[in-house]
Amino acid sequence: MLRVVFQLVFLVLVVGVVLYLYSNVLRNLDRLGIGTSFGFLDESAGFSIANSDFDPSANLFAAILVGVQNTAIVSFAGIALATVIGVIVGVARLSTNWLVRRTAAGYVETLRNVPVLIIILFWYLAVILQLPPIQRAVDWGWLVLSNRGLVVVWLERTGDLAVFLAVLGAGAVLAAAVSVWRTRRFDATGQPHRRLLWAAGVLVAAVVLGFFAGGRPFGLSLPERGELGTEHGFLLSPEYGAILIGLTLYTSSHIAEIVRGSILAVPRGQTEAANALGLSPFARLRYVVLPQATRIMIPPLANQYLNLVKNSSLGVAIAYPEVTRVIRIAIGQQAPAPQSVLVLMLVYLCFSLGISLVTNLVNRRLALRER
Amino acid sequence: MRLLHLKVTLPLSILGLLLAGCIGGSEGNEGQGGQAGGQQGNTLQRVQDRGTLNCGINDAVPGFGVVTPQGEYEGFDIDYCRAVAAAVLGDPNAVEFKPVTTEQRFTALQSGEIDVLIRNTTWTAERDGAEGATFLHTTFYDGQGMMVPADSDYRRLEDMDGTTICVLSGTTTELNLATAFRARNLEHEPLSFEDNETLQQAFQQGRCDGWTSDKSQLAGVRSSWPDNQGGPDALRILDEEFSKEPLGPVVRDGDSPWAQAIDWTVIATIQAEEFGITSENVEQMKGDQNEEIRRLLGEENFDSGLGLPDDFAVQVIQAVGNYGEIYDRNVGADSPLGLERGLNDLYTNGGLHYAPPYR
């Protein structure tokens with residue numbers, strides 16, 4: 001009973017302090033003649049955004065969404081790449097091969113101990129900008145590389161996608177069915193199931209079939225180099241490249257350490273038992289060590305993912321139009337700084353809470369269930 | 001579910017506390033600012049009581065505000081800080097220079113951290129209206145321009161369809177750029193950088209085709225272009241100006257005596273140039289037969305009611321010279337920037353500088 005009372009008193013105190021501070025801010029801003037409304041989000045943005053077809057007459061909210069989208073693109077690509085590289089390097093650090101082990105250690109130690117901003121600036125200024133200018137670009141027809149970005153051949157839509165998507169959908173259902181069938185067969189007979197291989201085969205067949213049945217709804221889009229840039233194809237801008245590489249290298253070095261620590265935290269008896277069963281080193285890693293290590297590494301990994309998203313705000317240094325960049329442009333233009341920064345905080349909060357939610361769910365799924 | 005609930009609410013409540021902390025911090029500042037806003041219209045008095053002027057400046061724009069290797073501030077805006085100190089306090093060195101960033105500047109002004117903002121800030125309606133700031137007599141008529149490599153084919157903005165343009169972020173530059181290109185039905189890719197150094201690297205390497213900024217700033221960059229990159233001659237600034245950028249001092253709203261004191265300091269430098277009063281001849285001019293000159297220099301029995309000392313103009317001119325001297329020394333003919341007077345000439349020479357009569 002006393003605890004409940006104490007909790008209530010604490011709650012009232014916190015709410016009271018927050019309300020007091022909030023009203024204080026409102027009063028002071030009002031006294032100084034600074035508006036506090038969020039109406040500015042509906043005013044037209046007035047600026048364009050690189051590598052997007054954002055219309056300057058659209059409102060600021062739409063501009064911020066483009067920024068959020070860019071943040072999301074670089075964050076998710078970074079998280080995926082950093083995880084893959086981090087796991088490989090982390091495992092390599094425990095390799096019995098001296099050279100592999102030392103190389104991995106060198107990778108981790110050099111990257112982990114340098115500020116991520118320096119890594120990003122290094123890649124942007126010292127590597128990517130030093131590529132040949134567009135007039136002397138490396139041009140292989142399907143790939144154009146210059147300091148205006150890497151452009152590769154891509155797909156472009158040339159017709160109606162309806163039939164293709166229908167065939168693809170049917171293919172996906174079929175692939176799932178095949179996978180289930182292979183699993184059952186494995187359970188019944190013990191033959192290797194290879195369900196992934198089977199499912200992938202069905203999907204590829206569906207793509208090919210759908211492509212022709214749908215009247216070739218898309219074709220290749222080859223990059224065409226001009227004097228000022230490259231048309232068509234798929235563009236990876238230098239700014240995107242630099243921030244993606246920077247974030248990936250930096251975060252993967254941290255992830256490698258987490259992976260190494262998690263593997264070492266798996267009781268030694270597990271490895272010995274796997275050896276005793278005669279499992280190959282790969283099978284031992286794949287079926288015994290990593291599944292148990294994964295359980296340990298999820299919470300610290302989530303932390304690294306959050307860091308990566310927040311570090312993506314360093315895109316401001318190299319003109320990558322992520323959400324911080326867009327909001328800073330807006331502030332320089334006409335948007336009131338306090339509200340704009342509040343919006344920015346809210347965006348990162350949403351990203352962070354989203355990632356926390358996903359990793360918590362994964363964590364709960366993987367957690368040992370005690371019966 | 002409970003666990004998840006806790007995991008979501010805990011960070012939320014921590015964030016709430018942190019937020020409260022931030023706001024609490026700024027509230028602390030309001031304490032000082034409270035004096036500024038609470039007793040309105042007394043900045044002049046407070047500056048005179050304090051004995052120093054807190055002047056918000058930019059310390060990284062060649063010609064307007066830079067730190068010399070000796071650690072001194074110098075530049076066009078810096079000279080106007082000194083002019084105000086000379087007028088109000090009788091001592092051009094009684095200035096506390098406070099470098100402020102683009103984002104900070106209005107907040108610094110409103111909170112009372114600085115008394116006046118003289119930092120290449122463009123006078124616009126929204127800033128005048130919504131930032132709680134008052135813009136004073138324009139000291140420099142600037143305009144946004146475009147700088148391109150001298151060996152490029154770009155002669156006019158019309159030639160630049162589809163180009164990539166480097167922009168230094170933080171001002172109305174992106175807005176003007178988009179407006180200028182859209183008005184001409186041209187496409188462009190803006191790359192907006194946070195600092196000049198990275199932008200300069202990108203421009204040197206040909207990442208972008210043009211560099212847009214206020215012409216005064218472009219001239220500053222061009223004048224100090226590294227020799228191994230071809231020096232200033234490797235660059236060309238297009239003639240077009242695609243924005244109006246009147247720059248001048250900014251003070252807090254609702255403080256007329258202070259605003260007037262600064263306005264008339266600026267006006268005095270312009271009037272002095274019109275009268276031909278320079279830092280060299282100001283002493284002789286005190287005895288000039290022209291009554292208007294003697295009145296400006298405080299030799300007539302005249303009280304303007306502005307709250308400035310009688311000899312404020314003498315103090316200002318002795319300290320920094322007349323408008324022409326300030327201009328030539330920092331950004332004009334005698335400086336590396338070598339800007340023409342253009343719009344910044346006296347109205348008698350076809351420029352825009354026109355001083356209301358001092359009587």
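Throughout, protein chains are lettered first and strands after them, A, B, ... in sequence-line order, and every chain is numbered starting at 1.
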Checking heavy atoms, do the side chain of [X], its backbone, both or neither come under 4.5 Å from chain A?
X: B/D195; value: side chain
X: B/C166; value: neither
X: B/L191; value: both
X: B/Q201; value: both
X: B/D153; value: neither

Checking [X] against chain B: side chain, backbone, both or neither under 4.5 Å from a heavy atom?
X: A/S48; answer: both
X: A/A45; answer: backbone
X: A/E231; answer: neither
X: A/D53; answer: neither
X: A/S57; answer: both

Separation of [Y] [atom2] from [X] [atom1] (nearest 0.5 Å):
X: A/L235; Y: A/L150; atom1: CG; atom2: CG; answer: 8.0 Å
X: A/I327; Y: A/L342; atom1: CD1; atom2: CG; answer: 10.0 Å
X: B/I57; Y: B/D77; atom1: CD1; atom2: CG; answer: 8.5 Å

So, A/D139 side chain and A/V144 main chain: donor-acceptor pair closer than 3.5 Å or not?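 No, because the side chain of A/D139 does not come within donor-acceptor range (under 3.5 Å) of the backbone of A/V144.
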Go through B/G162, B/A202, B/P190, B/G206 and name the one with the most non-hydrogen pairs under 4.5 angstrom from chain A.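 Among B/G162, B/A202, B/P190, B/G206, the one with the most close pairs to chain A is B/P190.
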Taking every heavy-atom pair that is under 4.5 Å apart, which of B/R207, B/Q205, B/E194 has the most such pairs with chain A?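 Top option by heavy-atom pairs under 4.5 Å: B/R207.
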Would you say the side chains of [X] and [Y] form a donor-acceptor pair under 3.5 Å?
X: B/S216; Y: B/D214; result: no
X: B/N176; Y: B/Q144; result: yes
X: A/N303; Y: A/N307; result: no
X: A/T71; Y: A/Y348; result: no
X: B/T121; Y: B/R105; result: yes

Check side-chain hydrogen bond (donor to acceptor under 3.5 Å, both in side chains) between B/T124 and all other residues, then give those that pass, not counting sequence neighbours.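 With sequence neighbours excluded, B/T124 shows a side-chain hydrogen bond (donor to acceptor under 3.5 Å, both in side chains) to no residue whatsoever.
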Residues of residues 178-186 of chain B contacting chain A, heavy-atom criterion under 4.5 Å, by residue number: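 Residues in range: B/A178, B/R182.
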Which side-chain N or O atoms in residues 120-137 of chain A pair as donor and acceptor under 3.5 Å with protein atoms at least two apart or in another chain?
unit_1, atom_1, unit_2, atom_2, d
A/Y124, OH, A/E239, OE2, 2.7
A/Q130, NE2, A/L125, O, 2.9

All ring-ring contact (aromatic ring centres under 6.0 Å, His included) counterparts of B/F64, not counting sequence neighbours: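 B/F64 satisfies ring-ring contact (aromatic ring centres under 6.0 Å, His included) with B/F76, B/F140 only.
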